[in-house]
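Below you'll find the structure, written out as C-alpha cells, and then a few comments.
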Amino acid sequence: MSSIAKKKGFGATIWDYLTTVDHKKIAVMYLAAGGLFFVIGGIEAMLIRIQLAQPDNDFVSAGLFNEIITMHGTTMIFLAAMPILFGFMNAVMPLQIGARDVAFPFLNALGFWLFLFGGIFLNLSWFMGGAPDAGWTSYASLSLASPGHGIDFYALGLQIAGAGTYIGGINFLVTIINMRAPGMTYMRMPLFTWTTFVASALILFAFPPLTIGLFFLILDRMFGGNFFDHTMGGNTIIWEHLFWIFGHPEVYILILPAFGIFSEIFALFSRKRLFGYSSMVFATVLIGFLGFMVWAHHMFTVGLGPTANAIFAVATMAIAVPTGMKIFNWLLTIWGGSIKVTTPMLYALGFIPSFVAGGVTGIMQAAAPLDYQLHDSYFIVAHFHYVIVGGVVLAILAAVHLYWPLMFNQMLSEKLGKWTFWFFFIGFHLTFFIQHFLGLMGMPRRVFTFGANQGWDLFNLISSIGAAFMAVGVIILVVNIIITVVKNVPAGNDPWEDGRTLEWAIPQPVPFYNFKQTPLVRGLDTFWIEKQEGNKVGMTYAEPLSDIHMPNNSFIPFVMTLGLFIAAFGALYHGEKDWAIPVLVLGIAITVGSMAVRSIKDDHGFHIHKEDLMNDKGGK
Amino acid sequence: MSHDAQVYVRSQTEFEYIKQKRRKDMRNQITTFGIMIFLTLISFTAVAADFSVYLIVPVILLLAAIQVVLQLYYFMHMSEKNHQVVAFFLYSAVMLAFTFILTFLTIIWWG
C-alpha cells in the first residue's frame with residue numbers, strides 16, 4: 001500500500017472499510033453498527049411502551065411481546081451499549097496514551113466483524129421463524145422449553161458476538177499495558193483509559209463463564225445435551241449462576257467506561273484537574289474487583305439459603321462505597337471550577353442525580369429480605385433503567401457530542417444537542433421514575449398487558465409518554481448528525497478549547513499513523529501542561545522523526561467471521577435439515593482455512609518513510 | 001519507533017554474564033523437568049498401588065497444583081523479571097475461579 005493518499009471512489013472506500021485495521025476506522029464502524037442496533041433496540045422499546053400504554057391492549061400478541069422484550073434487552077446490552085463504548089475506546093484510548101494503534105490491529109478488525117455478524121445473526125431470527133422469547137437472561141428451564149429456533153439464534157449469535165468482545169477486551173489490555181508513550185505511567189493515564197483498562201479486565205474474566213453457559217445451552221438445545229435438564233440429572237440453576245457470574249460484571253463493563261467519559265467531561269468543562277485522581281483510580285479497580293463477588297444478588301429468591309444471601313447482600317452494599325467516592329470526586333471537580341455548560345457537560349450534570357437515584361434503589365434491592373418484595377416487579381425495571389440509561393446511555397450521548405470533532409473533524413450543533421438532552425432527559429425520568437411506584441403497587445415485569453382499574457392505567461400512560469419524549473430526543477440527534485455531516489465544517493484540533501489530555505493535541509484530521517513522533521508525557525493532563533507552558537504544537541516529542549512501521553490492511557478477519565456465520569446456520573438446523581452438517585463443516589472449514597492463511601502467509605506491514613513524513617503532506 | 005540501524009557490541013563481561021545466566025536457566029529447567037517426572041510417577045504409583053480413593057484424590061490434586069506452579073514459573077518464564085502484570089492477572093483469575101468453584105460446591109451441589 002502506498003503511503004500517499006489518493007481520492008477514492010465509492011467502491012474503494014467500501015473495500016477500505018472492509019479490510020481496514022486502523023483503530024480509528026474500526027471505531028467509526030463500531031459507532032455506526034452500534035448506533036444502528038441502538039435504533040433497532042429503541043424501536044422495540046417503543047413497541048413495548050405502545051403495548052403497555054393502556055390496559056387490555058392488543059397491539060401485539062403475548063408471544064410477540066416476549067420476543068420484543070427479549071430482543072430489546074439483548075440488543076441494547078450486547079449490540080448497542082457495548083459496541084458503542086468499544087467504538088469510543090478504539091477512537092480515543094490509543095490517542096490518549098500516545099500509541100500509533102492498538103497492540104493487535106488485525107484482531108481489532110476481527111473483533112468488530114465478529115460482533116457485527118453475531119448481531120446480524122441474532123436479528124435474522126425476526127425473519128426466520130421468530131426471535132428468542134425467554135428474556136435477555138434466557139433462564140434455562142424456560143429457554144429449553146421454548147419452541148422454534150429463537151433461543152438457538154440467541155445462543156449462537158451471542159457466542160459469535162461474545163468472541164468478538166473478548167478479543168477486543170484482550171486487545172485493549174495488551175495495548176494499555178505495553179503501548180503507552182514514554183512518561184505515560186499508570187498513574188498518569190487519563191481516567192477514560194483507566195476505565196477502559198479495568199472494563200477490559202472484567203471482559204477477560206467475565207466472558208468465559210458466558211461462553212461456557214452458551215455452549216451448554218447450544219449442546220442442550222441442538223445436540224442432545226442435558227446440562228440444564230433436571231429430569232436427566234442436569235441442574236437448571238447452573239445456567240443462572242453462569243449467566244450472572246458473567247452478567248453482573250457485564251453491567252460494570254458498561255458503566256465503568258461511562259464513568260471514564262464523565263470524568264473526562266467534568267475535568268474538561270470545569271477547566272480544573274480531576275479531583276482525587278488516585279482515589280478515582282482506586283475506586284475503579286475496587287468496583288471491578290467487587291463486581292465479581294456479588295452475582296448471586298440477582299438470585300436471592302432462588303432459595304440459596306440465608307447464609308449465601310447474607311454474604312452476597314453485604315458484598316453488594318460494599319460497592320456503594322467506591323461508587324460514592326466517585327460521585328463526591330466529581331462534585332468536588334465541579335466545585336470552584338470555571339464551568340462551561342456545553343452539551344456534554346449538560347449530560348454529565350444530568351447523570352449525577354439520575355445515577356445516584358439508580359444506585360440508591362440498587363442498595364434497597366441489595367437487602368435480601370426487601371428484594372423478596374421487589375423481585376420481578378416494575379421496581380427492578382425502573383432500577384436498572386436508571387443505572388443503564390441514566391449512566392451508560394447518557395454517557396454514550398455525551399461522548400457522541402464530545403468526541404464527534406475528534407473522530408470526524410466536525411462539531412455537532414450545540415443548540416440541537418441541548419434540545420436532544422432536554423427531550424431525552426425529561427423523557428427518561430418521565431418513563432422510569434413512575435415505574436418505581438408501579439412496582440411497589442405490584443405490577444410484575446415482563447407482562448404483556450394488565451387489567452384496567454388496578455391503579456396502573458395512568459402511570460403506564462405517563463411512562464409511555466415519557467418514552468415518546470426520549471424517541472424525539474434521539475430523532476433530533478439523528479437530524480443533528482445528518483446536518484453536521486452534510487455541512488462538513490472542519491473543527492480543527494482542540495475544538496472544545498480546554499482539552500487536557502493527549503487526544504486533543506493531535507492535528508485534525510488525525511493522520512492514520514496518529515503521531516508523527518511519539519510524544520513525551522510529563523504529567524497527568526499532558527496537553528494542559530504543554531499549553532500552560534506556551535508550547536504551540538502541544539506536545540513534547542520523545543524521539544526524532546523517523547520511519548513509521550504500519551500494518552497492512554487485510555480481508556481475512558471478514559472471511560474468518562463469515563465462516564463462523566455460515567457454520568452457525570448449520571448448527572441451528574442440526575437434526576432438522578439434511579444440509580445442516582455439511583454447512584456446519586463448510587463454515588468451520590472457511591474459518592480454519594483463513595486462520596491457516598493468516599498463520600502461514602508472512603505480512604510484515606509497511607513503512608512510512610521519513611522523507612514522506614517531512615514533506616508538506618506529512619505522509620498523508 | 002525508530003528504525004535507524006544501531007549496532008551494539010557486547011563487552012566480554014556482558015558476554016560471560018549472559019553465558020552464565022543461560023547455563024543456570026538450563027540447569028533450572030532440567031531440574032524442574034526431573035521433579036515433574038518424579039511427581040507424575042508418584043501419582044501413577046499411588047493409583048497402581050490401589051490406595052484408598054480418599055488418599056489418592058487429594059494427593060493427585062496437590063501434586064497437580066505443584067506441577068502448575070512449576071510449569072508457570074520455570075517453563076513459562078514467570079520467574080523472570082517484568083512479569084508482574086501477567087502474574088497479577090493470573091492470580092486474579094485463580095482467585096476468581098476459586099470463589100466460583102467454592103460457591104458452586106457450597107450452594108449448588110452440597111447445599
Side-chain angles (χ1 to χ4, degrees), chain A residues 99-100 170 173-174 176-179 182 186 197 200-202 204-206 208-209 212 235-242 244-246 249 285 288-289 291-296 299 302-309 311-312 315 515 517-518 542-550 607-610, chain B residues 1-10 14 18 21-22 25 53-54 57-58 60-62 64-111:
Chain A
R100 293 225 164 91
I170 290 176
L173 279 179
V174 179
I176 294 172
I177 292 169
N178 289 320
M179 302 198 35
Y186 280 109
F197 184 64
S200 303
L202 295 185
L204 181 73
F205 296 131
I212 294 168
N235 189 337
T236 182
I237 301 298
I238 292 173
W239 166 269
E240 293 187 29
H241 278 285
L242 286 174
W244 286 118
I245 286 175
F246 148 79
V285 176
F289 171 77
F292 278 100
M293 300 298 156
V294 299
W295 77 89
M299 302 164 59
V302 165
L304 307 173
T307 315
N309 277 6
I311 291 171
F312 282 102
F515 296 93
Q517 288 157 281
T518 302
E543 57 169 18
L545 193 63
S546 60
D547 291 3
I548 297 174
H549 184 212
M550 295 299 288
H607 282 91
I608 312 167
H609 296 291
K610 196 168 156 184
Chain B
M1 295 305 133
S2 176
H3 290 275
D4 298 335
Q6 276 184 333
V7 182
Y8 179 75
V9 184
R10 284 191 192 130
E14 270 179 304
I18 290 169
K21 190 171 172 297
R22 289 203 177 136
D25 282 352
V53 180
Y54 293 98
V57 172
I60 289 185
L61 284 177
L62 178 72
I66 297 173
Q67 293 249 20
V68 168
V69 172
L70 289 177
Q71 176 89 14
L72 286 174
Y73 274 85
Y74 289 98
F75 289 159
M76 297 177 82
H77 305 286
M78 243 169 71
S79 55
E80 287 169 29
K81 261 192 246 165
N82 291 326
H83 282 64
Q84 300 94 326
V85 179
V86 177
F88 172 76
F89 275 91
L90 260 169
Y91 284 117
S92 307
V94 167
M95 195 200 64
L96 293 178
F98 175 77
T99 318
F100 300 155
I101 292 171
L102 184 72
T103 354
F104 269 59
L105 287 176
T106 48
I107 64 181
I108 303 182
W109 291 315
W110 293 344

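In what follows, chains carry the letters A, B, and so on, assigned in the order in which the sequence lines appear, proteins first and then strands, with residues in each chain numbered from 1.
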> Looking at B/Ser92, B/Ala93, B/Ala97, which has the largest count of heavy-atom pairs under 4.5 Å with chain A?
Replying inline: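 Most pairs with chain A among the choices: B/Ala93.
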> For chain A, which of B/Leu96, B/Thr99, B/Val85 has the most heavy-atom pairs under 4.5 Å?
Replying inline: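 Most heavy-atom pairs within the cutoff with chain A belong to B/Leu96.
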> Between A/Phe205 and A/Phe292, what is the ring plane arrangement, given parallel below 30°, perpendicular above 60°, and tilted in between?
Replying inline: perpendicular
>> Students often mix this up, so state it plainly: with edges at 30° and 60°, are the rings of A/Phe197 and A/Tyr186 parallel, tilted or perpendicular?
In response: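 Aromatic pair A/Phe197/A/Tyr186 classed tilted.
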Heavy-atom distance under 4.5 Å to chain B: side chain of [X], backbone, both or neither?
X: A/Leu304; answer: both
X: A/Leu204; answer: side chain
X: A/Phe515; answer: neither

> Do the side chain of A/Asp547 and the main chain of A/Lys610 share a donor and acceptor less than 3.5 angstrom apart?
Replying inline: yes
> Any donor-acceptor pair under 3.5 Å linking the side chain of A/Gln517 with the backbone of A/Glu543?
Replying inline: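 Flag set: sc A/Gln517 to bb A/Glu543 pair under 3.5 Å.
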> Side chains of A/Thr518 and A/Pro182: closer than 4.5 Å at any heavy-atom pair?
Replying inline: yes
> Side chain, backbone, both or neither: which part of B/Phe104 has a non-hydrogen atom closer than 4.5 Å to chain A?
Replying inline: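 Just the side chain, heavy atoms under 4.5 Å.
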